[in-house]
Structures are given as C-alpha cells and as structure tokens.
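Some notes on the structure that comes next.
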Amino acid sequence: MAPLFVFPQNLQALEKDDEEDYQGNRLFVQNAIDIARFRPSELEEFVKGVSFDLSDKELYCIEEQDVFDRVYSLVRGFSSLAPSCKFILAESLRSNLSVLLPNVDSLVRVSQVQDDDETPTLDRVTSYRNAFKIYSFFLLHIILTEESNTGSSNNAKVIASSRKKQPVNSWNWESQRGRMLNLIANSLEINLSLLFGSADPDENYLSFIVKNTFSMFEKATLLKDSETKDALCHIIGACATKYHYTEQSSASIMHLLHKYDFVVTHMADAVAFAEKKYADGTLACSLIREIGRTNPKSYVKDTAGAENIGRFLVELADRLPKLVSTNIGLLIPHFGGESYKIRNALVGVLGKLVAKAFKDVESEVSAKSIRLQTKQAMLEILLERCRDVSAYTRSRVLQVWAELCEEHSVSIGLWNEVASVAAGRLEDKSAIVRKSALNLLIMMLQHNPFGPQLRIASFQATLEQYKKKLNELEPVKLTEGMTDGLPSDNDSINGEGEVDNGNAEEVTNYQPESLTDSLAHTEQEIASKDSSVPDVGNVEQTRALVASLEAGLKFSECIAATMPTLLQLMASSSASDVENTILLLMRCRQFQIDGAEVCLRKMLPLVFSQDKSIYEAVENAFVTIYIRKSPVETAKNLLNLAIDSNVGDQAALEFIVGALVSKGDISSIAISALWDFFCFNVDGTTAEQCRGALAIICMAAKSSSAILGSHLQDIIDIGFGRWAKVEPLLARTACIAIQRLSNEDKKKLMPSNGSRIFGILESLITGFGLPDNIWYAAADKAIDAVYILHPTPETLAADLVKKSLSSVFDGTSGDALQNDIASNNSIVLSTIQVVKLSRYLFVASHVAMNQLAYIESCVRKIQKQKGNKGRMDSEGTENAETQKDNGINAELGLAASEDAVLDTLAERAEKEIVCGSYSEKHLIGECAPFLSKLCRNFVLMQKYPTLQASAMLALCRFMIIDAKFCDENLQLLFTVVENAPSEIVRSNCTIALGDLAVRFPNLLEPWTENMYARLKDPSVSVRKNAVLVLSHLILNDMMKVKGYINEMAVRIEDKDERISNLAKLFFHELSKKGSNPIYNLLPDILGKLSTQDLQKESFCNIMQFLIGSIKKDKQMESLVEKLCNRFSGVTDVLQWENISYCLSQLSFTEKGVKKLIESFKTYEHALSEDSVMDHFRNIINKGKKFAKPELKVCIEEFEEKLNKFHMEKKEQEVTARNAEIHRQKVGNMEGFVMAGNNGEESAESDIAEGVSDSEVIDTPVEAQTESSNNESTSKLVEPEESSGACSEVTEQEEETEIQSQRVNKKGASRSRVKKSNMKDVKVTLSATTQRVTRSRKKVEE
C-alpha cells in the first residue's frame, strides 16, 4: 500500500525535511531531479518518458515514488520548460485525471457490491484517492505557476492571439487553462464522499482548492475568458454548497467584494450558479445575512466597498429575485444608514424584486395575498425614498421607477402617484434628480396604458360617455369602494381576479388595447355627433374602463400641469435640464398633451446658447418637429412659425433656418414649396401665409442669397402690390427681401426695375397707405433698403425728408405752427397734424442714422480699396517708378497723412448730419433745434403721448449721432426719462441711454446715478430695460460698477419674475469676471441694503444668492473678517441681524472659523440679541460638521463662550430694567402719599356724601401704583414719550415683573410696542384723572 498523499501548503512542502515526516506514512518526494541541468533535447526526452509512463501504466501510477518524483520535478520547474514540453506534461496529467473520474464512480460501485473486508478493493480506493488528489494538486499548481509568470501585457497578447486557429500540439495557455479548470470543477461533481470515506472531502483538499480559486478571482484579465470564469464559479458553487464550505466561502467573497470592483458580477454569477445547480440558496442567504448585520456606519468610511456591495446586491436580486425577496427584511434597516451608496443599491434591489420576484401567478390565494402585500410594501418604500436626503438616492429611485414603467410593472393604481412624485421632483434643487425626473416622465408617456392621445378634452368627453353608459347599466351610484376613480379590493374586473387599490394589476392587464380603441371610436363618434357608445361588456368591465379613463384623465392633467415648470427648466443653467426638457416636450407633443406645442415654441431662443449640446438639442428637436416632413408640410410649418413668432423668436428662427439651409437640412424642394405659398400657387393660401413664406425665404437668403434671384419680379409685384393692403406687414417683409439680394441680383434689378422700386419705396415712406402702427416698421426697412440699393442714397433720402417736411409745415399755416411750437405756446394740434409730425420726425431721425452708417461704410470701402491696392503693389504688379514714389511718400509720412485726411473728412461728414457748419445750412440740421424745443414743450408732449414718443426717439437718435447735441440735451433726456407719464417713452429713453453710454461714455459718466435710478421705475417694462441696459454696459466693461450696484441687487427680489431672473443672470455672469467682483462689492451692498426699506425675507434671499456666487475659500475667509469688522461702531439692531445672517450664509473653512473666533471683540456687544445668537449657533453647527477633532474642541469652547456672554448680557439688561422700574415705583408712591395727606382734612368734613366717590378714588390709587412700572419701562426706550404720564394702568400688579422680563426683543420693535402701549394707557389715565378730579370737587363742596 502506497503512502497517503496529504495536500501540502505549497509545492516545496512535498520535499522530505526530517525523519518524523517520513515515519508518518505520507507521500513525500524522495529524489527530486534538477531539470535545469538537462539540455533541451534531454529535457524533451525526459518529459516524453514521464508522459509515456503516465499513459502506459495504471491511472494511479502517479503515486509510485519514481513517477511522483519525476512529475514533481517537472512541475517544480514548469516555468522553464519549452512550450511543447509544457503541453505534453499538462495534457498527460489532465487526460489521466479525466479518465480517472469515471473510473472512480465504477470503482465505488464495485466496492459497494463486494464485502467490506476485502483489502485489495480498499487499497484500490485508497490509490484512486491518492491519484485524484495528486493530479488535482499538480494541475492547480501548473495553473498558478503559469498565471504568475504571465504578465498583464503578455496576457493581452495571449487573449488576442487565442482567437486564431492554433496547431493541435501548440501551447495555447488560455484554452489549456480553461480545460484544466473545467476538469477540476467537474471532479467536484463525482461522489467524493464515497471516495474520501466521509460526507465531506479532505479539509486540506477543499481548503487548497477554494483558496487558490479565490486567488485567481483577483486577476481581472483572467476573468475576461468566459470558460475560465465559468469554471471558477462552478468550483466556488460546488465547494460552498455541495461540500458545506459556506462560511469560509462567504468570508472570501466579502473580502473580494470590498477590495475589487471587477469581481462583483462574477461573484453574483457564482452565487447564482450555486443556487440553480444545487437548488440550495445557502451561500446567497449567508452573504445577505453578512451584509445585513454589518454596521451601517462602516460603509460610510469604506465608500468603494459600499459601492461594490451595493452592485453585488443588485446583481444578485437580478439573478435570484425570489430568494432575495424572502431575505429582504435583513437589508431594509440599512435604509436608515448614512451611506447613500447602500441606499441606492437597496432601491435598485427593490426595483429588481418588484419587476421579477412576483411574476408567478399560479399559487394559493393566501400565498398570493402575502406576495401582493410584500410587493405593495416595496412600492411604498420606493415612493418614500423619493424624498431621501441624498440627491443621488432620489435620482436612483426615479431611475428605478423608469425601469419599472418600461417593464410594465407599475399598476394603474400607482401610475398617477408616481407621475405626481416625478412632477414634483422637477423642482428639485439637484440637477441629477431633475434629469431623472424628466427621464421618468418621458418613460411614463412612452409606456402609458391610456392610449396614444392624451388630450384632456378627449378624455373628458369619453369619460362622460361611459359614465352615462355605466349609469344606464347600473342606476345605483358607484359604490363607496371607488377611491380616486379606481376599484377597491372588493371590486373585481372579471369573475376570477381581485383588484387591489395599490396594485391594480388586473386593471392594467384588462385588455389595454380596448381603452385605446374605445377612445378612438368615441372621438370619431363625437366628431360625427353620434351619442352611441361602444359596448365593452358587463357592469364590472364598464366600471373598470371608467376607472381607467379617470386615471388617464388625471395623468393627462398632471403632465399638462408641469408645463410652467418645464418652461423654467428650459432657462436652466444646467445643459442636462435643457436637453431632457426638450425631449420631454417632444414626447408630450407626440401624445398631444395640452400646452406642449406652445412650450416647444419657447425653445427657439436657445439656439443662441453658447453650450454646444443645448444648441444641438434645439436643432435636433426643430428638425424632428418641423423639417422631417413632406416639402409642402415643411414649408407650412415654417411659415406658420414665422407668422406666430414675436421679435425675439423671429431672430432665433432666422438663425436656425440659416444654419439648416447651410447644412442642407432644408432642401431646395422645401424652398420651392415656400415660393409656391408666396405666389399663391397653393390653394387656400392667405395673405398672412404669403407674408410668412416670404419671411422664411428672407431668412434662408441670409445663408444663400441666390435664393431670391429667381423670383425678383414676384417680390415686387406681390410684396408691394394689392396684397400689401390686405396684409400690411407684407410690404415690410418685401423691403427686407430686396435688401438681401445678392450683388448680381441687385445689378440685374437696377436697370429694369430701379426707378419703379424707388418710387414704390418713396410712396411707402411718404404716403399714408399703411396703418399707423405698421407704417413705422415698414418705413424703417424701406429707408434701410434705399441706402442699400440706391447708388447715391443721400439724394433720395433728402427728397424723402423734404416731402415729409412739406406735408407738416406747408405754407403760412405751417410756419405759424412751427413758431408756436418753438415759442413753447400752448396750441392744439389735429390728429392728422400729430401723425404727420410724428412721421416726419421718424423719417428725419432714421435717415440721419442711416447716413451715419453710410458714411462709416464709405470709409471702410475706401480703406479696403487702399488695402487691396497695397497688396497688389507688394505682389510686384507696379513698375519701378511707382515703387520709388511710394517709398518716398512713406519716408515723408504722406501715407499716414492720407489716413488722417480720411478720418478728418469722415468726422466732418458726421458732424454735418445734425449740427452742420456756421456758413451752411443742412436739411436734417435744421430739424435739430426745432426738435429740441419741441421736446421741451412738456405741455404739448403730455397732451399727445404718440408725438412725444416719436419726438424723444428722434432726439435720442440725433444725440447718438452728434456729441455736441448730446451734451446740450442730456439734462432734457434725463428729465423726460424720470417724469414722462408714458412708460413707452421712458422705456425708449432708457434703451437710448445705453447706446449713448457706449458712444459717449465720458458725457454719460456724471449721470451714472440717474441711470441706476431707472431700476426703481414703477413700470415693469422700464425696469426690465434698465436691467438689460446696465447688464450689457457693466459686463462689457463699458461702465464701472460704481456704488449703486445695490439697486441692481434689489431687482433680484423684483415682483416681476422675468426681471428677477435677469438680475440673477447678471450677477451670475458678473461672478465669472476676473476675481469675482461680487466679493469686493458684497460689504457695500450689505451696508446699503440695510438702510433701505426691505422686507426681511427679501434681504435674506438677495444676500443668500450673492454669497452663493462666491466659491473661493480665500474670499470666504476674507469676508468673515470684513463682516466681523462691520459690527464695530454699529448700534442698530437690524444691522446686527443682517451682518450675522450674512456670516451664517458663508461656507466656513478651518481658517474662517479661526478668524471668526479671533474677531470676538468686534461683535461681542451684539450678542445680547436672540436673533444674532441664532445665526452664530448656525455657524457653529456648520463648523462642527467638517471640523477635525482639534478644531472641534475650539468650536465647542467658542460655543460655551458665546452662550455665557449672551446670558450675562441678558441678565445685565434685566437687572438694569428692574432697578429702573423699582426706582420709578418708589418715586411715584412718595408723590402720591404727599398728595393724599393734603386732601385728608377736606375728605373727612363730608364723609357721608363722599362714600361712593371715595371708592372711586381707591381704584386709580392702585392703578397709579402699578402702572408706574409700565411707565418707567417705556422710559428706558423712549424717554421723550413719557413726559406728562406719571401713572399708567396695566392689568395686574403681579404682571409687572413678567412684563419687564419680556422686554428682550429688537430695539426698534420694542420701541414701537411701547409707544402703542403708552397710547392705550394714556386714554385710561385721562379718564381716571377726570374721575379723581370730580371726587375732589365734591369733597370740597
């Protein structure tokens, strides 16, 4: 009988060390061979000899000493073997073990048939056991050796090369490794209990197998091979479950999960394999118990481990939902832990369980009821977790709900509750939560059980029809079991299933197609005015349908109610908010949610976003909604957009249309369809649609001007023809079209239609064919067209001004009118005169502005020509003499003088527009003095607001053109902008101030305070424009912030939401400039806001927003010191509160806390106020959260010091107050006793007559005594109010001390309370004094 083989700790342990081991009848190595001394050929022969012996002899020949020693020697030096030798040895050992395994089974059966005392059979079993253990040991050691010698870089090459076909006898380690491990895994499936003679195999054997298997799990590259990974999972599952190695395996798995993130899914596979292979969930239950009893606090520190454990639980729940559902109670307590990663995981686990653990419907009624209750409890936990303190958990819960909706695991009973929660989370402060809420709503719309159309009106109509049908089928009212429009537990849809209010699965499963079909049928019937309703079955089925319709209506209303919130999210600074909001709105539009179409129109301005992802989202949505249609439908969509858009939307529409035309998304066929609409080639086209089509074509022409060339005659005939009278804005659009003609088209247009076009433009400007409100917009574009198309625009423009002027001041009556206006006389103008004068002023001012632009364009053109000439000269195209002349000119500085002459001419031309020269009179220059006098005629201006609007607009334009004219009329402008009754005038002037500040900053600098004053205008329009103008000037460094920025800060709390958002946007952008100017401005803003009449809540909101824009720790630390210093010299309680509130809003660091403690002397006098102390307590609570142990001790000492100082101050105030009260009481009592002695004799003379009156005297005596307390109290605050009040009445004397204790409020509020009390008391005092006087008179009589 061969010695027994015992699994050693390592390979070297097989070598015999001492005699004691040898005598133990254990198999050791006797003669180890050093294979390093063999030559390659000798080594190969040696390996082949060993392989031959292993294959030729018995399977258990491995236990023979000679064979064992030789195999050991080769395994020990395995890494030095040639690949062919490795293959031969490994294949020999593997094949022998694979043959041995079935022989073990047959041998065991033979041993059971024979008698137990037959020694040969027992020896054979022992030999097989030895061989089994030796083969397993050597194969595992070869695997470990080869893996340790295989580097990560080589691993990648091996994995890559293993995909190719290899020769039969080549060494492909990846495939060999998988075959070996699979063999070892299969070896665990034979009946080892009979081979080893006990229920469990040898402890050393199992320990060695499990230990090395888990060590291989630590290599990520090894686990990428599916065959290897499956074999390792098989080994772990078999050892842990079949051979009861659960406890040790659980510990190893937990260790690996905490240490390596890549083993999570593989471990879940191993545990799931064990449960499915052996129908035993012991390993899974053991792991869940281990995780459940872990202290939740330990996961807070080990964040990586917490994440891995969480992922493992989710993977396990996905693979073994029923097993996890029975053990979920062990994990629920972790919802109360601080680790949000574990809570995230548990939420994911519950989601997997709800989706997968309760699908088996074939069970007993009681078991089904328990399962439904369990599922309902899980759903309630998921709903509750939507309000988790961690944004990550809230986001994860919403993601889980989205997954459940996608898998149709949410019942109708919970559908609206989930939708309501998701809608509420749209206003969450965290962007990731808002993103998840938006995705959840998208998923709920996509998988809703109510149908493809969710219009509220359709649902209401359908619901009414079926309610009538239900009333006909069941005259009795719906039972009280109906809750929120859903059947209760007692209501059943069919004869079998019951519906639970929280889990109405049967309602969901009840032919959802029928609800959609019924909606479609009903809509058709409503359209055809047919009141009949399709029959859906009996009463119960009709009731279920009504309940579903009510749920659908509620869902549609819930989604529609989110539209205002979605509009706000489109203005969010978070790109994910904007992108997902657009996706949700597109889905809402698909399901015809009310208000979705209007909201989608609001996304157009987002094309100007600097965030590329937002622009792409808007562009994709625009293309999907409006462009990816048939050409005619695309054209119709675009022209309708142009018709319905406002000015801002039209600018955005023009931008995106131009971009899409450049990219080719708007095809030439769609452009042709637009021309068809413009030319009325499409039946039913209206004049408005014609104008919209031309507007879109003009937008497209900005990117491709050749588009307009094919229909020049149509633009003239239709744009300025009879249709312009039907649709007045058509003429304006036609003016824009001819401005955007290409240069070639302009050249073609001028010879044939030039005079006609200019005649049309002239009649449009000087005529009265257009309504007044349309004329200004059309004349604006017409004058622009004149300056773009006409070769000498100033000549035509002069004629336009003259004709307009002659229509106002014609003949002697015109001269008299002009003189009256100039002399500031009170005159009466007719409506026609007002209109003509207004139009003249508009034409003159707009021509002046275009003339200025024309001069600048001419200068640029001359400079460009000069530059082109210089480039041509530098290229050598000029002769030698010209080059010589240019060189001389350059030396003499003549080139520079040419530039100076050009600049002088341009400056002179600009000045001549308005002011002109002393010797010459200019057309528009004549208008300027008259306009200035007209605007100063305030009586006339107030009488005609339209005239004032036009006159002030013209005045502002003239001021922008000429600096001298601007300086002369600045005071007039600011007078009008402050006092004009028309908010249109004030708004226009406010906008003009911005332009003036850009053009003449030095002139406007002294008026900065007046510009900031526009922020306080009562008109919303004026305030909005003031915010926009100042934001533009400050952010572009055209205006210094100065000391009036507090007015802009107040606009953060403006009543108008748009103004508030604009102010917030301004400070947000300002915080990005340089080193954040808000940091420097904050103390000044605080000081000025404290002196303004602001509500406490508004002040707090403003300062909280401003402080939130400061991110740098150094700035925060410096602010602590600055704010503490502001306490010095401040005695106002309100300012104490404001400063302490600002301190409490800072993000404190360790240095910041230390600075606060060091500055104690600066604010110690303010600690007597409770409100100030509350803010300091908030600071202390913040500091404790991040403080290290040393700092925490300092903070606690600081807290004790604050509390002690606060109490001392309070006690001092109370003591001083009580002393004063006592002093006043004693003084009043002495005065009263003296007065009583003087009247004692006269009172005794007529005692009978004065009995009743003496009783009256007693009351004020006591009242005077006790009321003196209140009077003295009021003296502490307002001494001037207490003169003449020597006694005041209060309720009871014992309340005196209590009232004195209560006077611990704010100084200002305390004084106000005392004043009001004194007024009431004085009334009582006067009545009491009269009664005392009457009684004394009677006594004297």
Side-chain angles (χ1 to χ4, degrees), residues 347 351 354-355 379 382-388 391-456 459 508 512 551-572 574-600 602-603 606 614 617-618 620-621 624-625:
V347 164
V354 169
L379 291 169
L382 286 176
L383 282 174
E384 179 188 348
R385 285 295 117 191
C386 290
R387 295 182 290 273
D388 195 280
Y392 296 105
T393 304
R394 296 197 299 274
S395 174
R396 181 65 185 127
V397 176
L398 296 173
Q399 292 170 14
V400 168
W401 278 115
E403 294 168 5
L404 293 177
C405 290
E406 189 174 10
E407 295 173 3
H408 304 286
S409 298
V410 180
S411 64
I412 292 182
L414 274 176
W415 195 268
N416 283 314
E417 193 171 354
V418 174
S420 177
V421 168
R425 288 298 104 194
L426 291 177
E427 300 182 31
D428 198 283
K429 63 182 180 180
S430 173
I432 58 172
V433 180
R434 296 194 298 269
K435 179 181 178 181
S436 299
L438 289 165
N439 289 331
L440 172 55
L441 289 174
I442 292 172
M443 198 62 65
M444 294 189 78
L445 281 169
Q446 186 174 346
H447 297 281
N448 83 86
F450 307 115
Q453 295 182 356
L454 297 176
R455 285 178 294 181
I456 294 176
F459 266 106
T508 310
L553 175 61
K554 189 175 180 182
F555 176 66
S556 181
E557 290 173 342
C558 177
I559 301 297
T562 63
M563 293 301 147
T565 306
L566 295 179
L567 279 177
Q568 293 179 353
L569 287 176
M570 278 204 292
S572 171
S574 171
S576 65
D577 282 348
V578 180
E579 294 172 34
N580 289 284
T581 299
I582 292 172
L583 292 176
L584 176 57
L585 286 172
M586 290 176 65
R587 189 70 68 186
C588 289
R589 181 180 180 274
Q590 176 187 340
F591 285 89
Q592 301 181 12
I593 297 293
D594 295 3
E597 189 75 36
V598 177
C599 286
L600 276 171
K602 304 293 185 182
M603 77 176 179
L606 295 174
I614 293 177
V618 175
N620 293 335
T624 303
I625 297 170

Query - Worked check of side chain to side chain contact (heavy atoms under 4.5 Å, CB included) between V354 and V400 - result: CA-CA 10 Å; V354 169; V400 168; over 6 Å; no

Query raised in the report: Does I593 reach the side chain of L445, with side-chain heavy atoms less than 4.5 Å apart?
Result: yes

Query raised in the report: How long is the gap from CD1 on I625 to CG on L600, to the nearest 0.5 Å?
Result: 4.0 Å

Query raised in the report: For T581, what residues pass the side-chain hydrogen bond (donor to acceptor under 3.5 Å, both in side chains) criterion, not counting sequence neighbours?
Result: none

Query - Distance in Å, I582 CD1 paired with L569 CG, rounded so as to fall on 0.5 Å steps - result: 11.0 Å

Query raised in the report: Between D388 and R396, does a side chain to side chain contact (heavy atoms under 4.5 Å, CB included) hold up when you go through it step by step?
Result: CA-CA 10 Å; D388 195 280; R396 181 65 185 127; over 6 Å; no

**Report entry** Those residues that, when tested against S420, pass side-chain hydrogen bond (donor to acceptor under 3.5 Å, both in side chains) (two or more places apart)
**Finding:** none

Requested in this report: Can you measure from CD (Q590) to CD (Q446) and round to the nearest 0.5 angstrom?
Outcome: 8.0 Å

Requested in this report: Please lay out, stage by stage, how V578 and L606 fare under the test side chain to side chain contact (heavy atoms under 4.5 Å, CB included).
Outcome: CA-CA 9 Å; V578 180; L606 295 174; 3.6 Å; yes

Requested in this report: Would you give the length of the straight line joining atom CD of Q592 to atom CZ of R455, rounded to the nearest 0.5 angstrom?
Outcome: 4.5 Å

Query raised in the report: Among all residues two or more places apart in sequence or in another chain, which pass the side chain to side chain contact (heavy atoms under 4.5 Å, CB included) test with S430?
Result: A391, R394, D428, I432, V433

**Report entry** V418 side chain reached by L404 side chain, heavy atoms, under 4.5 Å
**Finding:** no

Report summary line: For A423 and T562, the nearest pair of non-hydrogen atoms, with its separation, is CB-CG2, 3.5 Å

Query raised in the report: Between S556 (side chain) and L553 (backbone), is there a donor-acceptor pair under 3.5 Å?
Result: no

Query - Set of side-chain hydrogen bond (donor to acceptor under 3.5 Å, both in side chains) partners for E417, sequence neighbours left out - result: none

Query - Side-chain donor or acceptor of S436 paired with backbone N/O of Q399 under 3.5 Å - result: no

Report summary line: Looking only at heavy atoms, the pair that brings W401 and L379 closest together is CH2-CD2, 3.6 Å

Report summary line: Residues at least two apart in sequence or cross-chain that pass side-chain hydrogen bond (donor to acceptor under 3.5 Å, both in side chains) with D577, listed by chain then number, are R434, S572

Query raised in the report: Which residues pass the side chain to side chain contact (heavy atoms under 4.5 Å, CB included) test with N416, sequence neighbours left out?
Result: A551, K554, F555

Query raised in the report: Can you tell me how far OG of S574 sits from CD1 of I614, rounded to the nearest 0.5 angstrom?
Result: 8.0 Å

Query - Residues in side chain to side chain contact (heavy atoms under 4.5 Å, CB included) contact with E406, at least two apart in sequence or another chain - result: M443, H447

Query raised in the report: What residues, two or more places apart in sequence or in another chain, satisfy side chain to side chain contact (heavy atoms under 4.5 Å, CB included) together with N439?
Result: K435, I442, N580

Report task. Run the numbers on L383 and V421 for side chain to side chain contact (heavy atoms under 4.5 Å, CB included), then give the verdict. Result -> CA-CA 8 Å; L383 282 174; V421 168; 4.1 Å; yes

Query raised in the report: Could you give the distance from CZ (R587) to CG (N448), rounded to the nearest 0.5 Å?
Result: 10.5 Å

Report summary line: Residues D594 and M563: closest non-hydrogen pair is O-CG, 3.8 Å

Requested in this report: Taking all non-hydrogen atoms of both residues into account, name the closest pair between A596 and C588 and its distance.
Outcome: CB-CB, 3.6 Å

**Report entry** E579: salt bridge (charged side-chain N to carboxylate O under 4.0 Å, His left out) partners, not counting sequence neighbours
**Finding:** none

**Report entry** Minimum heavy-atom distance between L426 and L441, given as atom pair plus value
**Finding:** CD1-CD1, 3.8 Å

Query raised in the report: Residues in salt bridge (charged side-chain N to carboxylate O under 4.0 Å, His left out) with E597, at least two apart?
Result: R589

Query raised in the report: Side chains of I559 and F591: closer than 4.5 Å at any heavy-atom pair?
Result: no

